[in-house]
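Numbers restart at 1 for each chain; the letters A, B, ... are given by sequence-line order, proteins then strands. If you're wondering where the values come from, they're calculated on a predicted model, not measured in any experiment.
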Amino acid sequence: MIHDSELRERLAPLARTVETIVPERELLEKLRAKPSLRCKFGIDPTSTTVHIGNGIQLWNLRRLQDLGHTAVLILGDYTATVGDPSGKDKTRPMLTPEQVEANLATWMEQMSLILDMDKVEIRRNSEWFKDMSFLEVLELTNRMTVQQMMERDSFETRWTNHEPISVREFLYCLMQGWDSVMVEADVELGGTDQTFNLTVGRRLMEQEGMAPQVSLIGPLLEGTDGSEKMSKSLGNAIGLTDAPKDVFGMAMRVSDELMPKYMRLVTDLADDEIETLLAGSPMDAKLAMAAALVARYHGADAGAAEREEFLRVFRRHEAPSEIPEVARPDPEDDGSFWIVNLLKHCGFASSTGEAKRLIQGGGVRLDETVQSDWQARLTLDGGEVLRVGRRKYARLI
RNA sequence: GGCGGGAUACUCAAGCGGUCAACGAGGGCAGACUGUAAAUCUGCUGGCUAUGCCUACGGGGGUUCGAAUCCCUCUCCCGCCA
């Protein structure tokens, strides 16, 4: 939270989604001195999807844009290739330049849902890194000691656990910090996991005789599993461009404990509205949260529609209003359909074994009749509804 | 450079010549319950139209009727000492 009252007022639109500003004093001085600050945000497109956790920072950036500041977006085409060479940390894979390019393209598109892209200053960090000589790299490594590096939590943990730490990884924060020098950032945005890296940026700028950047640290959002930070590669992320139905469903699966956080961080619900909702039934609050999240990226109508659809399917246990239609596969010689093939054909099972398990587990229904025989040959007239679990439906035509 | 330890399914981790498609935990999926979730309980969690066959225990080779288990070798990782 922001402690200084003047600062809180100046940054009112972001207040809810800023965790810490270090140091507040400096930011206040910068704001008083200059009408427009250079606000840096670096992205490492480690996946193809921008999720609502990334969205928190992007919205902060957008609000700074709206306040008249300059958004400086660093495309980490060089830093993204650093990753975690051991491959242990799935959230930090080493990427090839080709993968980086492909991911960047989709990121730009998705970020335009949030940022005013016409006014964004976009810089690739290959701009200054690609021609750096080894001597210059050595110069950069001179600026930090191994002990200082070890202050970073993930390094320290891995050190104690005797897990490998590649020298390559030490360069990461120096690169990120050097980006700040190169774009003369006034402010850098990042999640709490970036605290260390943001500080390195300050240090490098000071060493270069520049006014150091201020760190605007935003909260980190846990994924829908409620424990790990949101990340596409951990499978707990809600993507900006996911279908409204999926966004709503995933939002409803967020734990009660986490829901207040989601309300504040990923919806546009007003503060007092959130208060009221949280005082009421958790179910209604979560429905409101999910609807607001859908509304943010797909419009208010979509939010309301998905809410209605959710109640229909999960509360009243009715079939969804729209069931995807799937053409029947080729029948057996006698004109019947083997249930296992139907499941595989609809994409509900990836192997015969999986289909068999689903059936034996009692999770498969045809027109709401539980199918318990995996050897069953069914006669289909067309129009039957195949269902697996509570969410997967297909109308066989 | 020397010495020692290790590499097992999505992850962690047992197994140390047959009864191993491989204990257990986590995760995931399905079922019951329910307010969506959580918690709890139950089942499943390599492939194959299957009482059998195939592929799997870091890579390659060998011993054996039979190897995840023994031997050789390669690759990678970790520790200690230099």
Legend entry - Pair A:Ser133-A:Glu136, side-chain donor/acceptor within less than 3.5 Å: yes
Legend entry - Between A:Gln176 and A:Gln194: side-chain donor-acceptor atoms closer than 3.5 Å: yes
Separation of the [atom1] atoms in [N] and [M], to the nearest angstrom:
{"N": "B:C53", "M": "B:U19", "atom1": "P", "result": "14 Å"}
{"N": "B:C78", "M": "B:G28", "atom1": "C1'", "result": "31 Å"}
{"N": "B:C12", "M": "B:G58", "atom1": "P", "result": "13 Å"}
{"N": "B:A38", "M": "B:C29", "atom1": "P", "result": "10 Å"}
{"N": "B:U69", "M": "B:G6", "atom1": "C1'", "result": "15 Å"}
{"N": "B:C71", "M": "B:G26", "atom1": "C1'", "result": "36 Å"}
{"N": "B:G18", "M": "B:U63", "atom1": "C1'", "result": "16 Å"}
{"N": "B:U75", "M": "B:G59", "atom1": "C1'", "result": "7 Å"}

Legend entry - A:His51 (side chain) donor-acceptor with A:Met230 (main chain) under 3.5 angstrom: yes
Inset, instruction - Indicate whether OP1 or OP2 belonging to B:C48 is found under 4.0 Å from a side-chain N or O atom of A:Ser351. - result: yes
Inset, instruction - State whether A:Arg377 and A:Asp334 are salt-bridged, where the test is any N-O pair (Lys NZ or Arg NE/NH1/NH2 against Asp/Glu carboxylate O) under 4.0 Å. - result: no
Base-pairing mate for [N] - Watson-Crick or G-U, with both contacts under 3.5 Å:
{"N": "B:C29", "result": "B:G43"}
{"N": "B:A56", "result": "none"}
{"N": "B:G24", "result": "B:C12"}
{"N": "B:U36", "result": "none"}
{"N": "B:U51", "result": "none"}
{"N": "B:A82", "result": "none"}

Inset, instruction - Carefully, step by step, assess A:Met283 and A:Arg315 under the rule side-chain contact (heavy atoms from CB on, under 4.5 Å). - result: CA-CA 11 Å; A:Met283 180 65 188; A:Arg315 180 172 287 176; 3.5 Å; yes
Please tabulate, one pair per line, all N/O donor-acceptor pairs under 3.5 Å involving side-chain atoms of residues 320-331 of chain A, not counting sequence neighbours.
from: A:Ser321; atom 1: OG; to: A:Glu309; atom 2: OE1; distance (Å): 2.8
from: A:Ser321; atom 1: OG; to: A:Glu309; atom 2: OE2; distance (Å): 3.4
from: A:Arg328; atom 1: NE; to: A:Ile397; atom 2: O; distance (Å): 3.2
from: A:Arg328; atom 1: NH1; to: A:Leu380; atom 2: O; distance (Å): 3.1

Inset, instruction - With syn defined as a glycosidic angle within 90° of 0 and anti as everything else, classify B:A38. - result: anti
Inset, instruction - Decide, for B:U34, between syn and anti: a glycosidic angle within 90° of 0 counts as syn, anything else as anti. - result: anti
Legend entry - A:Leu14 and its side-chain contact (heavy atoms from CB on, under 4.5 Å) partner, picked from A:Leu61, A:Ile2, A:Asp66, A:Leu67: A:Leu67
Inset, instruction - Could you run through nucleotides 23-38 of chain B and give me one letter per nucleotide, 5' to 3': B if any protein heavy atom sits under 4.0 Å from the base, S if only the sugar-phosphate is that close, - if neither? - result: ------SSS---BBB-
